[in-house]
Novice: 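To start, I am sharing the structure in question, which I have written as structure tokens.
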Amino acid sequence: MKILVIGSGGREHALVWKIAQSRLADKIFCAPGNGGIAQQAECVDIKADDIPGLLGFAQKEKIDLTVVGPEAPLSMGIADEFEKNGLKIFGPQEKAARLEASKVFSKEMMVKYGVPTAGYKIFDDPYQARKYLDQKGGPCVVKADGLAQGKGVIVAADAEEAKDAVIAIMQDKIFGDAGDRVIIEDCLHGQEASIIVLTDSKIVIPLASSQDHKRIFDNDTGPNTGGMGAYSPAPLVSRDLLNEILDKVIHPMIAGLNKEGITYKGVLYAGIMVTKDGPQALEFNVRMGDPETQAVLPRIKTDFLELMLAASSGDLSSFARPGGMVWDNRACACVVMASGGYPGNYEKGKEIRGLEKVERLQDVMVFHSATKKSGGKYFTNGGRILGVTGLGNTINEALYRAYQAIDEISFEGAHYRKDIGYRAVEKLSGSGKDGKSEK
Ligand code: AMP
Ligand code: GLY
């Protein structure tokens with residue numbers, strides 16, 4: 001089979017790496033890919049949002065399955081376009097992708113179909129939004145309605161900070177049209193977990209739980225990033241809690257989408273805050289998480305390509321049977337190495353040294369997020385550079401492996417968090433303090 005993966009980050013590298021293990025995969029392309037992805041796939045110079053370009057390539061190469069990594073092409077209707085042209089694609093259609101592309105739509109769906117979520121109000125007028133904040137006061141969360149590369153949410157400590165956020169989003173338009181409307185939401189408290197499932201719109205196959213670390217610095221300080229590390233499983237998510245999240249969040253949303261005439265096929269990702277009143281949905285994404293994917297896929301023993309083929313064909317039943325999904329029970333941890341200055345300004349083109357040393361390490365995978373290969377050497381080419389990932393019998397062992405590998409890798413200005421997985425370690429050692437936000 002010929003497979004095309006769309007995207008260029010660590011998530012896509014992990015997808016390509018996993019697909020390469022499938023007995024069904026003969027040839028893998030990645031558009032546009034990166035230096036590390038080129039180890040397992042042929043990278044094609046077509047941007048992830050160039051839908052006509054991607055369609056033309058898939059037709060020319062007779063691609064059997066296209067796997068979409070990021071949300072942008074999904075929200076632009078890539079799945080509709082491919083399916084219209086008789087091409088199989090893993091990812092939901094444009095209408096379904098609105099669940100991520102519009103936080104207002106997502107919130108309205110949650111409320112309509114009884115998914116527990118924070119109280120909120122929607123504003124399209126900045127003056128009204130600020131007036132409301134004057135009355136409301138206190139900590140709250142201001143969210144731009146549209147896609148803002150994961151940066152459109154501001155958790156404000158007080159009304160003044162929230163009003164500044166409203167001005168920045170709605171008047172200064174720091175996220176462009178994505179800020180035409182905002183949601184002002186009550187602040188929830190608890191620990192977060194990411195629940196990622198595959199669905200064919202009827203059957204739900206939950207993947208292992210995971211948790212990511214959004215802030216740039218240790219102890220969850222500093223600005224939000226795309227994600228500085230992740231680990232799986234998240235010990236916070238017991239079997240009972242997972243079932244509760246499936247019953248209260250995932251199933252009602254998929255049933256709701258069906259009622260709205262939206263057939264959802266692909267990945268559904270729920271960001272959950274586990275509060276003292278139970279799980280609450282923070283957001284829905286319509287694709288795998290980054291870097292959660294890097295910590296979850298190494299734990300899946302089932303052929304992930306077969307799973308994606310089944311979801312896109314609309315029949316996941318064979319994976320829902322007992323034994324349909326086989327897991328590696330070990331823990332997995334991914335630590336992101338980023339460019340100095342990220343998530344602000346950073347330089348590119350720094351040589352990455354030591355990658356060949358970690359190739360020899362057992363149970364270590366290095367997923368490339370933004371690298372370029374030139375003259376047999378790898379260079380930095382973005383903000384998040386590598387997702388250094390370890391598997392181990394315990395989360396501590398997985399973390400040890402990842403950090404041991406990081407010790408071998410260097411590039412000028414490299415920055416990484418030293419405390420990835422600390423909540424899991426605390427929880428497992430019995431010293432975890434619930435009731436405090438992870439991010
Ligand atoms: P979202 O993109 O909606 O998941 O928001 C990004 C991050 O903002 C989440 O991972 C949380 O850390 C935080 N967040 C979002 N909504 C809330 C809320 N209602 N209360 C507290 N934190 C929130
Ligand atoms: N790691 C968070 C996300 O992928 O949205």
Side-chain angles (χ1 to χ4, degrees), residues 7 9-12 14-15 69-72 74-75 99-107 110 115-121 136 138-157 161-162 165 169 175 178 182-196 207 209-216 220-232 234 249 267-277 279-297 334 336 343 367 369 384 387 420 423 435-439:
R11 166 184 49 211
E12 287 75 25
L15 281 164
E71 61 277 14
L74 293 168
S75 68
L99 219 46
E100 178 164 358
S102 168
K103 286 193 187 289
V104 169
F105 173 72
S106 181
K107 207 75 185 170
M110 290 187 227
V115 173
T117 187
Y120 72 104
K121 269 191 179 304
K136 182 179 158 64
C140 65
V141 185
V142 182
K143 300 186 173 184
D145 176 35
L147 290 178
Q149 293 180 322
K151 296 177 196 149
V153 173
I154 295 162
V155 182
E161 228 183 89
I169 295 173
F175 305 123
V182 294
I183 295 179
I184 298 178
E185 199 170 286
D186 296 340
C187 203
L188 296 172
H189 300 280
Q191 280 196 54
E192 289 180 46
S194 306
I195 300 299
I196 301 173
L207 302 185
S209 63
S210 55
Q211 204 157 347
D212 75 345
H213 295 260
K214 285 217 171 82
R215 305 286 192 119
I216 184 76
D220 294 320
T221 53
N224 267 339
T225 68
M228 291 301 290
Y231 58 93
S232 172
V249 176
V267 167
L268 184 61
Y269 161 140
I272 302 288
M273 183 79 87
V274 182
T275 71
K276 60 179 177 22
D277 302 319
Q280 306 267 328
L282 294 173
E283 63 163 345
F284 283 93
N285 294 323
V286 297
R287 37 86 195 162
M288 306 272 294
D290 190 342
E292 290 96 322
T293 304
Q294 292 87 305
V296 169
L297 287 187
C334 167
V336 170
F367 298 117
S369 301
R384 291 187 293 172
I420 297 303
R423 279 196 188 282
K436 200 169 156 240
S437 176
E438 160 69 16
K439 293 165 210 168

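Each ligand, and each atom within it, is numbered from 1 in the order the structure gives.
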Novice: Closer than 4.0 angstrom, basic N to acidic O: yes or no for Glu185 and Lys107?
Specialist: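 Salt bridge: yes.
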Novice: Flag Leu188 as yes when one of its N or O atoms lies below 3.5 Å from any N or O atom of ligand 1, and as no otherwise.
Specialist: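 Yes - when backbone and side-chain N and O of Leu188 are compared with those of ligand 1, one distance drops under 3.5 Å.
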Novice: Write out the residue and atom name of the closest protein heavy atom to atom 3 (C) of ligand 2, then the distance separating them to 0.1 Å.
Specialist: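 Sorting protein heavy atoms by distance from atom 3 (C) of ligand 2 puts Arg287 NH1, 3.4 Å first.
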Novice: Going by the order shown, which atoms of ligand 1 are within less than 4.0 Å of some heavy atom of Glu185?
Specialist: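 The atoms of ligand 1 under 4.0 Å from a heavy atom of Glu185 are 16 (N), 17 (C), 18 (C), 19 (N).
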Novice: With heavy-atom distances below 4.0 Å as the criterion, list the atoms of ligand 1 near Cys187.
Specialist: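 So the answer, numbered in order with elements, is 20 (N), 21 (C).
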Novice: Heavy-atom contacts with Asp212 under 4.0 Å: which atoms of ligand 2 show up? List them by number with element.
Specialist: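 Listed by number with element: 1 (N), 2 (C).
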Novice: Could you check whether any heavy atom of Gly289 sits closer than 4.0 Å to an atom of ligand 2, since that is the contact criterion I want to use?
Specialist: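 Yes.
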Novice: I need the atoms of ligand 2 closer than 4.0 Å to a non-hydrogen atom of Asn285, numbered in the order shown.
Specialist: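 Answer for ligand 2: 5 (O).
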Novice: Heavy atom of Gly271 under 4.0 Å from ligand 1?
Specialist: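 False for this residue.
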Novice: Of Val182, Val104, Ile183, which is the lone residue that meets side-chain contact (heavy atoms from CB on, under 4.5 Å) with Lys143?
Specialist: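 Considering Val182, Val104, Ile183, a side-chain contact (heavy atoms from CB on, under 4.5 Å) with Lys143 is found only for Ile183.
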Novice: Show me which atoms of ligand 2 lie under 4.0 Å from any heavy atom of Glu292.
Specialist: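 Those qualifying, in numeric order: 1 (N), 2 (C), 4 (O).
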Novice: Give the single entry among Leu282, Asn285, Ile183, Val142 that approaches atom 23 (C) of ligand 1 most closely by any heavy atom.
Specialist: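 Comparing heavy atoms across Leu282, Asn285, Ile183, Val142, the nearest one to atom 23 (C) of ligand 1 lies in Leu282.
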Novice: Between Arg11 and Asp290, which heavy-atom pair has the shortest distance, and what is it?
Specialist: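 Answer, listing the atom of Arg11 first, then Asp290: N-OD2, 3.4 Å.
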Novice: I'd like to check His189 versus Thr275 (side-chain heavy atoms, cut-off strictly below 4.5 Å). Are they in contact?
Specialist: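 Of all side-chain heavy-atom pairs linking Thr275 with His189, none is under 4.5 Å.
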Novice: If you define the side chain from C-beta out and look only at heavy atoms, does anything of Leu99 sit under 4.5 Å from Phe105?
Specialist: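 When only atoms from C-beta onward are counted, Phe105 and Leu99 do touch, with a gap below 4.5 Å.
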Novice: Does the N or O separation between Arg11 and ligand 2 drop below 3.5 Å for any pair?
Specialist: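 Arg11 vs ligand 2: no N/O contact under 3.5 Å.
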Novice: Can a salt bridge be assigned to the pair Asp220 and Lys214 using a cut-off of 4.0 Å between side-chain N and carboxylate O?
Specialist: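 The answer is no: the pair does not qualify as a salt bridge.
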Novice: Can you name the atoms of ligand 1, numbered from 1 with element, that are less than 4.0 Å from a heavy atom of Lys103?
Specialist: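 Answer, ordered by atom number: 1 (P), 2 (O), 3 (O).
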Novice: Do Lys214 and ligand 2 have an N or O pair less than 3.5 Å apart?
Specialist: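 For ligand 2, there is no N or O atom that lies under 3.5 Å from one belonging to Lys214.
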